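What follows is a structure written as structure tokens; I'll ask about it next.
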Amino acid sequence: GDLRKIEEIIRKEGGKIISILTIFEQERRKVQVFMRVLNLSANALKRLKYSLEKKFNLLYVVPAPA
């Protein structure tokens, strides 16, 4: 499904998924997915954000502190 597609996009950019949290809001039939990802350069993060925004409703990206 969509979660697998997201994982593939992240791995294509060289990211390593370290945790996934999914929340299903039954009343609004809405799913939220939170992922922690490591091993992304600044450029890879920009490409990843762009790729995800084209296919999904990306709410925000929080880069790790330098």
Side-chain angles (χ1 to χ4, degrees):
D2 286 340
L3 190 55
R4 177 71 58 204
K5 292 176 189 174
I6 294 168
E7 292 171 352
E8 289 172 1
I9 293 169
I10 291 170
R11 290 190 177 107
K12 177 181 163 193
E13 289 298 338
K16 179 180 178 185
I17 300 168
I18 60 170
S19 65
I20 300 173
L21 170 66
T22 58
I23 299 172
F24 180 68
E25 296 180 28
Q26 196 162 10
E27 294 109 26
R28 297 191 298 176
R29 306 225 11 105
K30 179 180 174 183
V31 176
Q32 293 181 323
V33 178
F34 301 86
M35 292 184 169
R36 292 175 57 208
V37 179
L38 296 177
N39 299 340
L40 288 173
S41 67
N43 287 334
L45 182 59
K46 287 179 188 177
R47 289 190 306 268
L48 175 63
K49 184 178 174 190
Y50 177 76
S51 295
L52 291 174
E53 286 175 332
K54 287 191 324 187
K55 298 181 180 188
F56 303 99
N57 183 20
L58 183 65
L59 298 179
Y60 55 88
V61 173
V62 180

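All values derive from a computational prediction rather than experimental measurement.
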> With a cutoff of under 4.5 Å between side-chain heavy atoms, which Ile, Leu, Val, Met, Phe, Trp and Tyr residues group with I18?
Replying inline: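 Hydrophobic cluster check, I18: joined to L38.
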>> So, taking the atom named CD1 in I6 and the one named NZ in K55, what distance separates them when rounded to the nearest 0.5 Å?
In response: 10.5 Å
> What residues form a salt bridge (charged side-chain N to carboxylate O under 4.0 Å, His left out) with R29, not counting sequence neighbours?
Replying inline: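 Counting only residues at least two positions away or on another chain, R29 forms no salt bridge (charged side-chain N to carboxylate O under 4.0 Å, His left out).
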>> Count I, L, V, M, F, W, Y as connected when their side-chain heavy atoms are under 4.5 Å apart, and connections chain through other members. Are F56 and F24 then in the same cluster?
In response: yes
> At what distance, to the nearest 0.5 angstrom, does OG1 of T22 lie from CD of Q32?
Replying inline: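 T22 atom OG1 to Q32 atom CD measures 10.5 Å (nearest 0.5 Å).
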> What's the shortest heavy-atom distance between V37 and G15, and which atoms?
Replying inline: CG1-CA, 3.9 Å
> What closest approach, in Å, do I9 and S51 show between heavy atoms, and which atom pair accounts for it?
Replying inline: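 Distance-wise, the nearest heavy atoms are CG2-CB, 3.8 Å.
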> Is there side-chain contact between M35 and L3, with at least one heavy-atom pair below 4.5 Å?
Replying inline: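 Result yes, sub-4.5 Å side-chain heavy-atom pair found.
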> Yes or no on salt bridge (charged side-chain N to carboxylate O under 4.0 Å, His left out) for E8 and R11, after CA distance, side-chain angles and deciding distance?
Replying inline: CA-CA 5 Å; E8 289 172 1; R11 290 190 177 107; over 6 Å; no
> Hey, any chance Y60 and I23 share a hydrophobic cluster, counting ILVMFWY side chains that come within less than 4.5 Å of each other, even indirectly?
Replying inline: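 Both belong to a single hydrophobic cluster.
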> Can you tell me how far CD1 of I10 sits from CG of L45, rounded to the nearest 0.5 angstrom?
Replying inline: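 The CG atom of L45 sits 10.5 Å away from the CD1 atom of I10.
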> K49 pairs by side chain to side chain contact (heavy atoms under 4.5 Å, CB included) with which of R47, E53, K46?
Replying inline: E53
>> Using the rule given for side-chain contact (heavy atoms from CB on, under 4.5 Å), can you reason through I20 versus E7, listing the C-alpha separation, both sets of side-chain angles and the distance that settles it, and then say yes or no?
In response: CA-CA 10 Å; I20 300 173; E7 292 171 352; 3.4 Å; yes
>> Does Y50 have more than 12 heavy atoms from other residues, nucleotides or ligands lying within 6.0 Å of its OH?
In response: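 Open: at most 12 neighbouring heavy atoms sit under 6.0 Å from OH of Y50.
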> To the nearest 0.5 Å, what is the distance between CG (L58) and CG (L52)?
Replying inline: 6.0 Å
